Amino acid sequence: MNKVNSLMFSALNKNPFHIAKRGEIVWWKAWLIRIIAVLMALVVCGIITVALTKLNPVKVYLTMIDGAVGTTRLVWNLLQNTAILLCVSLAVTPAFKMRFWNIGAEGQILIGGLATATCMIFLGEKLPTFVLIPVMLLMSIITGALWGLVPAYFKTRFNSNETLFTLMMNYIAIQIVAYFTLEWSVPKGSGTPRTLEFGQLPMLFGQKYLVNILFVVLITVLMYIYLKYSKQGYEISVVGESENTAKYIGINVKKVVLRTMAISGAICGIAGFLLVAGTDHSLKSDTSGGRGFTAIMVSWLAKFNPIFMVLTSLLIVFLEKGASKISEVYRLNSSFSDIITGIIIFFIIGSEFFINYTIKINKKEKEENV
């Protein structure tokens with residue numbers, strides 16, 4: 001045994017450092033690490049900006065800020081996009097926390113949006129607005145939940161691969177929406193999305209996006225309470241940690257999987273409702289705009305905490321809006337703004353390593369010979 005220990009110490013001494021799993025870290029320290037990562041990313045981006053474009057990096061960053069929050073309209077646009085991304089992130093979080101890899105948020109959003117558009121087209125002239133909007137919301141929730149239940153059923157019944165299943169269902173949803181978009185286009189068959197006049201969400205205090213934002217604020221609060229304090233939230237955590245443990249203590253794992261994916265799909269359906277009825281007032285196959293995939297990063301970076309997701313979503317949208325302004329002002333192609341955004345996100349993701357792990361210096365140990 002002493003010889004084994006001796007060899008281990010000898011191997012460690014050859015490498016002066018080793019990586020160790022960090023214990024539970026205080027939340028403010030974790031966010032301090034992330035802030036430092038962002039600052040380092042800005043320094044790197046500044047160096048690359050000077051090297052590639054000869055532009056003043058400070059002016060470039062000021063342009064980013066101006067592009068995101070330079071006017072009142074831009075601020076509301078930023079908040080609206082943050083709200084939608086946050087809504088989708090909240091939707092996928094229960095499934096991810098349960099270790100069910102729901103990559104199908106894009107499709108669930110589109111199906112919810114399709115249900116909303118269907119109600120706006122066929123019930124718009126038959127129902128008053130105060131009745132039509134709740135019907136639209138209900139139908140988007142139901143269709144989104146059903147779309148989420150399909151892969152959950154096959155997972156619990158046949159142990160199918162949920163990652164591939166949910167991903168493939170995105171393409172089905174995209175084609176279904178593309179078909180109806182063409183069918184409902186004006187003139188028919190032209191491909192021009194039909195403007196949906198009936199059932200649009202009302203303006204509040206002169207702001208057309210305020211209803212969307214309030215919707216998502218409510219969902220955020222409810223999701224935080226649900227995951228942290230409810231019995232079902234506890235069951236999701238246990239199933240995510242170990243299915244065997246969950247079964248041992250009497251939790252019906254299949255029921256939890258089905259219920260959780262129904263909730264995940266339902267909230268994605270609400271996101272589709274908000275996009276069609278509250279933002280675009282039309283339906284297209286790219287209505288979801290890739291948010292279903294971006295939401296995965298938001299959820300993981302926030303460690304499945306709905307409150308932290310607010311900050312993460314805001315940062316991601318801020319970078320996207322600011323980067324597009326850089327391309328516009330300095331007449332750079334979109335690739336440069338994508339490089340800037342990618343570097344910052346890379347540093348943010350990389351900071352998670354230092355939140356979860358620590359690098360320790362190996363101390364030299366005297367070898368004992370038997």
Side-chain angles (χ1 to χ4, degrees), residues 21-38 41 78-79 81-103 105 108-109 148 212-242 246 256-257 259-268 270-271 274 291-320 344-358:
K21 179 74 174 176
R22 192 192 289 272
E24 191 69 25
I25 188 171
V26 183
W27 69 268
W28 63 266
K29 287 185 178 180
W31 279 98
L32 179 61
I33 292 173
R34 292 187 181 106
I35 291 170
I36 292 171
V38 171
L78 176 73
L79 294 175
N81 281 278
T82 300
I84 298 297
L85 178 58
L86 175 59
C87 185
V88 183
S89 303
L90 292 168
V92 299
T93 293
F96 286 152
K97 195 170 184 180
M98 186 181 62
R99 297 296 187 268
F100 186 103
W101 312 119
N102 179 18
I103 315 297
Q108 292 153 23
I109 294 168
N212 282 16
I213 294 168
L214 293 177
F215 249 105
V216 179
V217 168
L218 178 61
I219 293 171
T220 303
V221 173
L222 292 177
M223 182 59 73
Y224 179 78
I225 295 171
Y226 177 76
L227 291 176
K228 192 170 180 64
Y229 298 107
S230 72
K231 178 187 174 184
Q232 293 183 7
Y234 169 74
E235 291 177 343
I236 289 172
S237 298
V238 176
V239 172
E241 289 294 329
S242 170
V256 173
V257 170
R259 181 183 64 214
T260 303
M261 273 304 292
I263 292 171
S264 185
I267 299 176
C268 282
I270 293 176
L274 295 176
R291 292 179 179 89
F293 299 112
T294 308
I296 298 171
M297 180 172 61
V298 171
S299 181
W300 277 93
L301 284 176
K303 297 294 183 69
F304 310 133
N305 187 315
I307 305 303
F308 292 157
M309 282 180 211
V310 177
L311 300 175
T312 310
S313 300
L314 181 61
L315 176 62
I316 297 298
V317 175
F318 177 88
L319 291 175
E320 289 177 352
I344 296 173
I345 292 175
F346 174 79
F347 269 78
I348 295 172
I349 295 173
S351 69
E352 295 302 309
F353 171 83
F354 296 97
I355 292 172
N356 295 307
Y357 298 92
T358 182

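Treat the numbers as computed from the prediction; the structure is a model and nothing was measured.
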What do you reckon, is CD of E241 surrounded by more than 12 foreign heavy atoms closer than 6.0 Å? no
Atom pair CG (L222) and CD1 (I267), whose distance is rounded to the nearest 0.5 Å: 9.0 Å
Going by ring-ring contact (aromatic ring centres under 6.0 Å, His included), name the residues that satisfy it together with F318, two or more places apart in sequence or in a different chain. none
T312 versus A302, closest heavy-atom pair with distance: OG1-CB, 3.9 Å
Any side-chain heavy atom of K228 sitting closer than 4.5 Å to one from P306? no
Mind checking the CD1-OG spacing from I84 to S89? Nearest 0.5 Å is all I need. 11.0 Å
Which value, rounded to the nearest 0.5 Å, describes the distance between I33 atom CD1 and W28 atom CH2? 9.5 Å
Quick one: list whatever passes side chain to side chain donor-acceptor pair (under 3.5 Å) with S264, sequence neighbours left out. N102
Those residues that, when tested against S242, pass side chain to side chain donor-acceptor pair (under 3.5 Å) (two or more places apart): T245
For the pair L78 and L314, evaluate side chain to side chain contact (heavy atoms under 4.5 Å, CB included) and give the outcome as yes or no after the intermediate values. CA-CA 8 Å; L78 176 73; L314 181 61; 3.9 Å; yes
CG/L86 to CD1/I213 distance, rounded to the nearest 0.5 angstrom? 11.0 Å
If you take all heavy atoms of V88 and A105, which pair is closest and at what distance? CG1-CB, 3.9 Å
Minimum heavy-atom separation for R259 and Y226, please, with both atom names. NE-OH, 4.1 Å
Are L319 and L315 side-chain neighbours, meaning at least one heavy-atom pair lies under 4.5 Å? yes
Those residues at least two apart in sequence (or on a different chain) that pass ring-ring contact (aromatic ring centres under 6.0 Å, His included) with Y224 are none
Any side-chain heavy-atom pair of F100 and T260 under 4.5 Å: no
Side-chain polar contacts of residues 292-301 - donor-acceptor pairs under 3.5 angstrom, sequence neighbours left out - could you list them?
from	atom 1	to	atom 2	distance (Å)
T294	OG1	G290	O	3.3
S299	OG	T93	OG1	2.9

Name each donor-acceptor pair under 3.5 Å that joins a side chain in residues 350-357 to protein atoms two or more places apart or in another chain, with its distance.
from	atom 1	to	atom 2	distance (Å)
S351	OG	I348	O	2.4
E352	OE1	R34	NH2	3.4
E352	OE2	R34	NE	2.8
E352	OE2	R34	NH2	3.2
N356	OD1	K303	NZ	3.4
N356	ND2	E352	O	2.9

If you take all heavy atoms of G148 and Q108, which pair is closest and at what distance? CA-NE2, 4.1 Å
Out of curiosity, L90 CG to I263 CD1, how far, rounded to the nearest 0.5 Å? 12.5 Å
Looking at F304 and R99, what are the two nearest heavy atoms and their distance? CE1-NH1, 3.9 Å
Measuring from C87:SG to I270:CD1, what's the distance to the nearest 0.5 Å? 6.0 Å
Please report the shortest heavy-atom distance between P94 and I236, naming the atom on each side. O-CG2, 3.5 Å
